[in-house]
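See structure below.
By convention in this document, chain letters (A, B, ...) are assigned in the order of the sequence lines, proteins followed by strands, and residues within each chain are numbered from 1. Nothing here was measured: the structure is a model prediction, and the numbers come from that model.
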Amino acid sequence: NAGVTQTPKFQVLKTGQSMTLQCAQDMNHEYMSWYRQDPGMGLRLIHYSVGAGITDQGEVPNGYNVSRSTTEDFPLRLLSAAPSQTSVYFCASSPVLPPYEQYFGPGTRLTVT
Amino acid sequence: KQEVTQIPAALSVPEGENLVLNCSFTDSAIYNLQWFRQDPGKGLTSLLLIQSSQREQTSGRLNASLDKSSGRSTLYIAASQPGDSATYLCAAVQGGSEKLVFGKGMKLTVNP
């Protein structure tokens with residue numbers, strides 16, 4: 001199993017550009033989520049999904065869109081990038097059954113200039 | 001709203017010491033608590049998960065305990081090594097939800 005994979009690993013965007021961060025998992029996990037990690041702020045939940053076709057907002061959803069058309073994939077879209085979105089983005093997945101152990105991808109480091 | 005706290009934010013120790021890392025949470029209605037390790041520039045690696053019905057879990061030199069009544073979890077590292085240097089994060093899953101709430105982490109440096 002590859003686990004949770006994320007692409008790209010690094011990305012530089014100009015303000016106003018759009019892009020999609022890809023996340024895929026091969027563990028047949030129903031629950032998937034996106035976090036951003038910033039110095040001094042820890043990891044904060046952006047969006048999450050409990051299954052295909054179901055998504056919901058986390059703590060910091062503004063400026064981001066998600067969709068979940070398959071169990072395996074959960075892309076994160078930045079519609080109009082802003083410097084405040086410079087961060088490291090992590091995708092995670094887990095079963096929706098106990099004990100809900102979560103598995104994380106390697107992260108995408110995004111810089112918006 | 002659940003809040004998870006890790007104090008201190010950083011710790012530097014000589015090799016060989018036995019360490020206790022602390023994690024506190026405000027809402028005791030958690031389903032589980034998970035400890036992670038993060039190396040610089042890398043993702044999160046799960047170390048131990050303790051379910052609410054358990055009091056501790058062990059893996060090698062690591063032992064994690066959970067006391068829901070006091071809102072605390074501790075990660076014990078025996079005979080620390082320079083390779084243990086990393087940031088350690090704890091995170092709680094709230095009952096009825098799969099969502100993790102993270103502490104801000106503790107940066108550990110083990111000096112040879």
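Note: Gln102(A) leads Gln102(A), Arg109(A), Met41(A) in heavy-atom pairs under 4.5 Å with chain B. Ranked by heavy-atom pairs under 4.5 Å with chain B, the first of Ala92(A), Gly40(A), Gly58(A) is Gly40(A).
The CD atom of Gln37(A) sits 8.0 Å away from the OG1 atom of Thr87(B) when rounded to the nearest 0.5 Å.
Only the side chain of Gln38(B) has a heavy atom closer than 4.5 Å to any heavy atom of chain A. Both the backbone and the side chain of Leu43(A) come within contact range of chain B, each with at least one heavy atom under 4.5 Å from a heavy atom of that chain.
A single hydrophobic cluster is seen to contain both Val66(A) and Val60(A), as judged by linkage of ILVMFWY side chains at heavy-atom distances under 4.5 Å, directly or through other members. A single hydrophobic cluster is seen to contain both Met106(B) and Ile77(B), as judged by linkage of ILVMFWY side chains at heavy-atom distances under 4.5 Å, directly or through other members. Cluster membership for Leu33(B) and Val93(B), using ILVMFWY side-chain heavy atoms within less than 4.5 angstrom, is not shared. The cluster map of Ile, Leu, Val, Met, Phe, Trp and Tyr, joined by side-chain heavy atoms under 4.5 Å apart, puts Leu47(B) and Phe104(A) in different clusters. Transitive grouping of hydrophobic side chains (ILVMFWY, heavy atoms separated by less than 4.5 Å) keeps Trp34(A) and Val50(A) in distinct clusters.
Under a cut-off of 6.0 angstrom, the local environment of CZ in Arg55(B) is sparse, with at most 12 non-hydrogen atoms contributed by other residues, nucleotides or ligands. A 6.0 Å sphere centred on NZ of Lys68(B) holds more than 12 heavy atoms belonging to other residues, nucleotides or ligands.
Residues of residues 4-14 of chain A lying under 4.5 angstrom from chain B, judged on non-hydrogen atoms, do not exist.
Remark: the backbone N or O of Gly42(A) is not paired with any side-chain donor or acceptor of Lys104(B) at under 3.5 angstrom. In terms of modelled atom types and a separation under 3.5 Å, the side chain of Glu101(A) and the main chain of Leu49(B) share no donor-acceptor contact.
Inter-residue side-chain proximity for Tyr31(A) and Lys99(B) is flagged as met; some heavy-atom pair is nearer than 4.5 Å. You'll find the side chain of Tyr35(A) stays beyond 4.5 Å of the side chain of Leu44(B), heavy atoms only.
Shortest non-hydrogen contact noted between Phe90(A) and Lys42(B) is CZ-O, 3.7 Å.
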